[in-house]
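Data first, discussion second: the structure below is written as structure tokens.
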Amino acid sequence: MGEFEKPEKELAGIKKALVPEEKITEIPIEKRTPEQMLERGKELVDKGEINPQSITEEIANGKQRALQPDEVASLVYYKAKLDKEFDSVYKKIDEAIKNENFNEFAKKYITAFFDDLEELKRMKADIYPKATEHMDDIISMIESLEDKGFAYNIDGNVFYEVSKFKEYGKLSGKNIDDLVSGARIEINEDKKNPLDFALWKKAKSGEPYWESRWGKGRPGWHIECSAMSCKHLGEYFDIHAGGNDLIFPHHENEIAQSVASNDKPFVKYWLHFGFLNIENEKMSKSLSNFITARDVLARHSTEAVRLFFTQAYYRGPLNFSDELLVAAGKGLEKFKNLVDRISLELNKNRTEGAAPDIGIKQFEDKFIAAMDDDFNTAQAVAVIFDFVKEVNRRITETEHISVEFYKNVKVFLEKTAVEVLGIMNFDVDDKSANKDIDVNFIQQMIDRRTEAKNEKNYARADKIREELKELGIELKDSKEGTTYKIVN
RNA sequence: GGCGCUGUAGCCAAGCGGUCUAAGGCGAAGGUCUGCAAAACCUUUAUUCGUCGGUUCAAAUCCGACCAGCGCCUCCA
């Protein structure tokens, strides 16, 4: 095979690396060579006969069990495969560091990130601070923590002393004693307390470093957030958001750092959002069950993706699948059809007709109330759907409707669905329009079909409609004539 | 083991003590319009909210237990 190295070592390391040792009651004595095991493991996993990941989870979740020889083989293969994947990532990073172009390395991903955000119509933040550009702020915050007695320096490594901060654990509802006795915390010899976390890490040879009064090193995770938010937003600011997984330890540590350093409360409101799940599991790099924004946007419109998200509450978990996005896209059709209709009517510029009162103010009030209620976007979206239905109802009920009516409708939708939620779009979507299609050609075909219809030659009319549909042009007949829509 | 989140129609998902015989979307069924489509509209699609108890005049909503799924508690961000 030769693809992986030292499988016998992996065999010995399974218990330690993949599953809690005490949970495995027995590992069978292997008669196969390590190479044979790898081969067998690959076969089983590739064919889907054994899922090593589920075995590790099952055991990690408390089940005690004996392993079967084939299961061991699959675990060996799994471990080797993971190592190989991680190695390739580390190799890339190492190379970037060695070539002293890690700024370039990062820039590539930052650019891609912004591209995706724009595609998703995310509003831009005012500032996107970089930790590497705030070293002075970071270092002085650590200095102040050390000076105030919240941090200690051990041989160039500076740690935050958790026990000095009375309110530690308040945000996450944790209790220091529970945490200390928790089985999963490894004791680091350097720290006074296993919960103490690094503020400054001494540089190992070959690593990038910055100068400080503790020597060459780099900041620990957490401190850059405290330092940068303090600098740009002030020592005490209104809202701090983040994923649920950051509550502990990251946000807890940010509070500890900022409060201790500034002698002030840190933030007023914490917003923590639920995970995007795949098959009910957190989407994450380590589970390699992630989908990139780019992939999704290649298959679904921005509005569909946004509608999908806004139809659920931000705090809860949300399962992600192509199927659900397709359903969201279908719902969007209702919006698109109305948008098309409005554009059409506004172009006609007809002044006569009625402008029925559908109580826009009430819809507006409901929309605002929903958004005010901790961003209940699901309810806000429901208001939009109700509104659209009401508008359509009036259109079908009323003989002649004035431009005024459509204008009012458009204003409301722009204020809510377009600007706030971003689930509707009044601009002509260049991306979906097929520029190769000649407008004159379409009109000619429509005229020919109308002719056929007048002659009651429906077979011919239907055939023309079919042909155009294959070109991505959908025809719609109405009292006022035939219109078309480019779909793709 | 500790802390926390979730469980509502075929699917997604709001509602979090009375207005709930439970919003909205997708799907499905029937209808109006139409030569037919499409769109749009109308009607139907949960007497019930994971299970079992309790509190209350009143519970999907509060409390308790249990069941199921997920997450954090370790490195990295």
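Throughout, protein chains are lettered first and strands after them, A, B, ... in sequence-line order, and every chain is numbered starting at 1. The figures that follow rest on heavy atoms only: side chains count, while hydrogens, waters and symmetry mates do not. Treat the numbers as computed from the prediction; the structure is a model and nothing was measured.
The C1' atoms of B/G2 and B/U44 are separated by 50 Å, rounded to the nearest whole Å. B/A60 and B/C52 are spaced 16 Å apart, taking the C1' atom of each and rounding to whole Å. B/G15 and B/U6 are spaced 16 Å apart, taking the C1' atom of each and rounding to whole Å. Remark: the separation of the C1' atoms in B/G17 and B/C57 is 12 Å, to the nearest Å. Comparing B/C73 with B/U45, their C1' atoms are spaced 45 Å from each other, to the whole Å. Taking atom P on both nucleotides, B/U61 is separated from B/C49 by 9 Å, rounded to a whole Å. Nucleotides B/G18 and B/A59 place their P atoms 11 Å apart, quoted to the nearest Å. Rounded to whole Å, the separation between the C1' atoms of B/G50 and B/C5 comes to 15 Å.
Of the side-chain N and O atoms in A/N392, none sit less than 4.0 angstrom from OP1 or OP2 of B/A39. Residue A/K201 has a polar side-chain atom (N or O) positioned under 4.0 Å from OP1 or OP2 of B/C76. Distances shorter than 4.0 Å separate none of the side-chain N or O atoms of A/N244 from OP1 or OP2 on B/C5. Regarding contacts with the backbone of B/A40, a side-chain N or O of A/N337 is found under 4.0 angstrom from either OP1 or OP2. Note on A/K366: every side-chain N or O is 4.0 Å or more away from OP1 and OP2 of B/A23.
Under 3.5 Å, the side chain of A/R465 and the base of B/C36 form at least one donor-acceptor pair of N or O atoms.
If you check every strand for non-hydrogen atoms under 4.0 Å, A/D340 touches nothing. Heavy atoms of A/G316 sit nowhere under 4.0 angstrom from any nucleic acid atom. A/A382 comes within contact range of at least one nucleobase, with a heavy-atom separation under 4.0 Å. Residue contacts shown for A/L324 are limited to sugar-phosphate atoms, with no base heavy atom under 4.0 Å away. Nucleic acid contact for A/K174: base, since at least one base atom lies under 4.0 Å from a heavy atom of the residue. Note on A/R460: nothing from the nucleic acid sits closer than 4.0 angstrom, heavy atoms only. Using a 4.0 Å heavy-atom criterion, one finds that A/F308 contacts no nucleic acid atom at all. Base contact: A/L246 has a heavy atom under 4.0 Å from a base atom.
In this structure, of B/A40, B/C42, B/A14, it is B/A14 that holds the atom nearest to the side chain of A/Y313. Taking every side-chain heavy atom of A/L318 into account, B/A13 is the closest of B/G15, B/C70, B/A13. The side chain of A/R449 approaches B/G35 more closely than any other nucleotide in the set B/G35, B/C42, B/C70. Considering only side-chain atoms of A/W221, the nucleotide from B/C26, B/C41, B/A77 that sits closest is B/A77. With B/G27, B/A14, B/G24 as the candidates, the nucleotide lying closest to the side chain of A/K330 is B/G27. Among the nucleotides B/G24, B/C73, B/A14, the one closest to any side-chain atom of A/D386 is B/G24.
Protein atom CG of A/N253 is 11 Å distant from nucleotide atom P of B/U74, rounded to whole Å.
Checked by atom type, the side-chain pair A/H300/A/D322 shows a donor-acceptor distance below 3.5 Å.
In this structure, the side chains of A/N253 and A/Y160 stay at 4.5 Å or more apart for every pair of heavy atoms.
Aromatic pair A/Y128/A/F114: ring centres closer than 6.0 Å. Here the two rings, on A/Y314 and A/F309, have centers that are 6.0 Å apart or farther.
Using cut-offs of 30° and 60° for the angle between ring planes, the A/H272 and A/H251 rings count as tilted.
Ion pairing between A/K336 and A/E333 holds under the 4.0 Å rule for side-chain N and carboxylate O.
Scanning for salt bridge (charged side-chain N to carboxylate O under 4.0 Å, His left out) contacts around A/K231 gives A/D137, with sequence neighbours left out.
Nearest-nucleotide assignment on RNA chain B puts the 5′-proximal partner with A/D373, out of A/R218 and A/D373.
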